[in-house]
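Notes to accompany the following structure.
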Amino acid sequence: MIGGGQLGRMMVSAAARLGYRTIVLDPDAACPAAQLANETITAAYDDREALERLAASVAVVTYEFENVPVAPVRALSHIVPVFPPPEALEVAQDRVVEKAFLNGTGIRTAPWRAVDDAPELDHAFLDLGGDCILKTRRLGYDGKGQAVLRENGTHGEAFDSLGGVPSILEKKIAFEREISVIAARGQDGSFAAYDPAENVHGLGILKSSTVPASVRPEQAEAASAIARAILDKLNYVGVIGVEFFVGRDGELLVNEIAPRVHNSGHWTEAACTVSQFEQHIRAVAGLPLGDPKRHSDCVMENLIGQDVERALPLLREADVMLTLYGKAEARPGRKMGHFTRVSPRSAP
Ligand code: ADP
Ligand code: MG
């Protein structure tokens with residue numbers, strides 16, 4: 001496992017339950033996944049010698065976040081199977097490449113323009129019209145690396161405020177709701193998708209995921225079909241998270257894809273027999289995919305920063321599954337844990 005954050009931790013735990021041993025490579029010796037893995041390699045993600053040591057010791061390599069440098073991972077894939085494929089990393093790492101890939105696959109997104117300097121931003125802003133969001137092409141997460149540009153406001157500082165790096169300007173979508181689909185593709189090309197979750201963000205960070213989402217069955221099916229088209233096109237193996245905007249007229253636009261297990265899929269651990277974490281391990285290990293069916297309705301909430309103080313009383317609630325990530329310090333904006341409250345499944 002390259003990367004040892006909470007996603008890695010939950011995958012390591014799922015792997016252990018299936019009888020596998022894991023080695024985690026992360027620059028931080030005390031990272032959340034290191035506490036559970038059989039072995040750890042403390043090294044930078046692009047440390048070739050460390051990556052080769054990892055490759056020499058394992059049957060398969062996977063990763064828990066999309067900012068692993070592509071070149072060393074691609075080199076690794078010649079020595080040992082790497083899933084999801086490095087092409088998926090390449091697409092998901094750069095918002096311009098990602099949008100071009102999606103549109104090229106016939107999938108709709110927010111209208112967008114690549115922006116490499118301040119004059120280009122002026123043109124793109126006029127061109128798209130209305131409120132827009134400027135995002136860095138690379139390395140953004142949890143709403144970081146983004147600036148909102150108001151239709152009638154000034155935006156002279158916006159490009160520099162994000163560091164003057166290659167960026168993308170997107171039209172701000174007046175969406176009705178946000179949903180996501182967590183889907184998986186096996187080594188045999190099999191496909192499984194969980195029911196869409198309805199997601200609420202605060203300051204760009206996921207606050208809660210509710211399942212079922214308030215979408216019509218046809219919309220849920222359409223979202224799942226889009227996820228499937230993405231997986232097939234990438235010849236993907238593993239779990240993917242696909243984030244959507246649902247427009248006021250019910251249209252589906254893909255916001256972004258994450259080539260890994262996803263925060264908006266944490267609910268699967270409490271409301272499905274096979275969680276997204278086990279599903280990913282099954283896929284990369286070449287096992288049959290699990291049935292993604294859901295036995296309960298549920299709401300997952302993140303515990304961010306000082307929210308972690310809410311954890312203790314939750315332990316008294318019979319319908320709540322609590323997960324803490326083993327992070328020592330509760331910094332503001334840092335994901336410390338999450339909990340899922342289940343309720344009986346509503347009639348289908
Ligand atoms: P991150 O990588 O930080 O998750 P996102 O592109 O998903 O970046 O942006 C985070 C959140 O910001 C989205 O879930 C959504 O709520 C809001 N957002 C992002 N892009 C747009 C857009 N084009 N229109 C409206 N809201 C957006
Ligand atoms: Mg997002």
Side-chain angles (χ1 to χ4, degrees), residues 3 5-7 64-68 88-89 91-103 107-115 121 124-125 127-151 153 155 158 162-163 165-183 196-210 213 223 226-227 230 239-249 251-266 300-302 304 333-335 338:
Q6 64 265 19
L7 302 179
E64 61 118 42
F65 81 135
E66 60 269 42
N67 291 321
V68 188
L89 268 184
V91 165
Q93 263 177 17
D94 182 321
R95 294 186 191 277
V96 166
V97 177
E98 180 179 43
K99 292 273 194 315
F101 163 79
L102 291 166
N103 297 159
I107 296 165
R108 296 181 59 193
T109 61
W112 59 274
R113 297 285 182 275
V115 166
L121 176 59
F125 190 51
D127 214 15
L128 292 176
D131 293 351
C132 289
I133 302 186
L134 185 67
K135 305 180 183 177
T136 58
R137 284 173 66 159
R138 293 176 169 274
L139 300 174
Y141 70 99
D142 285 350
K144 292 181 179 55
Q146 301 193 10
V148 177
L149 274 58
R150 299 272 167 225
E151 183 169 11
H155 59 274
L162 296 187
V165 293
S167 299
I168 185 172
L169 188 70
E170 295 178 19
K171 199 169 168 74
K172 187 161 194 277
I173 303 300
F175 55 76
E176 183 107 333
R177 49 180 49 87
E178 288 187 90
I179 64 168
S180 59
V181 169
I182 308 303
E198 182 160 341
N199 302 320
V200 175
H201 295 85
L203 301 173
I205 307 184
L206 183 68
K207 278 172 89 150
S208 69
S209 296
T210 300
I226 289 170
I230 293 169
V239 164
I240 197 168
V242 184
E243 300 177 12
F244 296 86
F245 300 131
V246 184
R248 301 213 186 280
D249 50 0
E251 63 176 344
L252 287 172
L253 303 178
V254 170
N255 171 30
E256 63 171 350
I257 59 177
R260 50 168 171 79
V261 292
H262 194 257
N263 193 169
S264 70
H266 290 0
M300 187 283 312
E301 282 185 59
N302 273 337
I304 298 166
R334 194 177 198 201
K335 290 174 178 168
H338 67 269

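All ligand and atom numbering here is 1-based and tracks the order in the structure. No hydrogens, no waters, no symmetry mates; every other heavy atom, side chains included, goes into these values.
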Excluding sequence neighbours, so at least two apart, what forms ring pair (Phe, Tyr, Trp, His ring centres under 6.0 Å) with [X]?
| X | result |
| --- | --- |
| Y141 | none |
| F101 | none |
| H262 | none |

Going by distance alone, is a donor N or O of one side chain under 3.5 Å from an acceptor N or O of the other, for H201 and E178?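 Checked: H201/E178 side chains pair up, N/O donor to acceptor below 3.5 Å.
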
Which pair of non-hydrogen atoms, one from V97 and one from V91, has the smallest distance, and what is that distance?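 For V97 and V91, the tightest heavy-atom pair comes out as CG1-CA, 4.0 Å.
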
Between the Mg ion (ligand 2) and E243, which N, O or S atom of the residue is the nearest one?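 The nearest such atom is OE1.
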
Considering just N/O/S atoms, say which atom of E256 is closest to the Mg ion (ligand 2).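 Distance check against the Mg ion (ligand 2) picks out OE2 in E256.
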
Should the ring pair F175 and F245 be called parallel, tilted or perpendicular, given that the plane angle runs from 0 to 90° and is split at 30 and 60?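 Answer is parallel, since the angle falls under 30°.
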
Inspect the contact between R248 and E176 and indicate whether a charged nitrogen and a carboxylate oxygen are less than 4.0 angstrom apart.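 Salt bridge: yes.
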
Distances only, to 0.1 Å: what are the N or O pairs between ligand 1 and the protein that fall under 3.5 Å?
from, atom 1, to, atom 2, distance (Å)
ligand 1, 2 (O), R95, NH2, 3.0
ligand 1, 2 (O), E256, OE1, 3.3
ligand 1, 2 (O), E256, OE2, 3.0
ligand 1, 3 (O), D142, N, 2.9
ligand 1, 3 (O), G143, N, 2.6
ligand 1, 4 (O), E256, OE2, 2.8
ligand 1, 6 (O), R95, NH1, 3.3
ligand 1, 6 (O), K135, NZ, 2.6
ligand 1, 6 (O), N255, OD1, 3.4
ligand 1, 7 (O), E243, OE1, 3.1
ligand 1, 7 (O), N255, ND2, 2.8
ligand 1, 7 (O), E256, OE2, 2.8
ligand 1, 8 (O), R95, NH2, 3.4
ligand 1, 8 (O), Q146, NE2, 3.0
ligand 1, 9 (O), Q146, NE2, 3.1
ligand 1, 14 (O), E178, OE1, 2.6
ligand 1, 14 (O), H201, ND1, 3.4
ligand 1, 14 (O), H201, NE2, 3.4
ligand 1, 16 (O), E178, OE1, 3.2
ligand 1, 16 (O), E178, OE2, 2.7
ligand 1, 20 (N), K135, NZ, 2.8
ligand 1, 23 (N), E170, OE1, 3.0
ligand 1, 23 (N), K171, O, 3.0
ligand 1, 24 (N), I173, N, 2.8

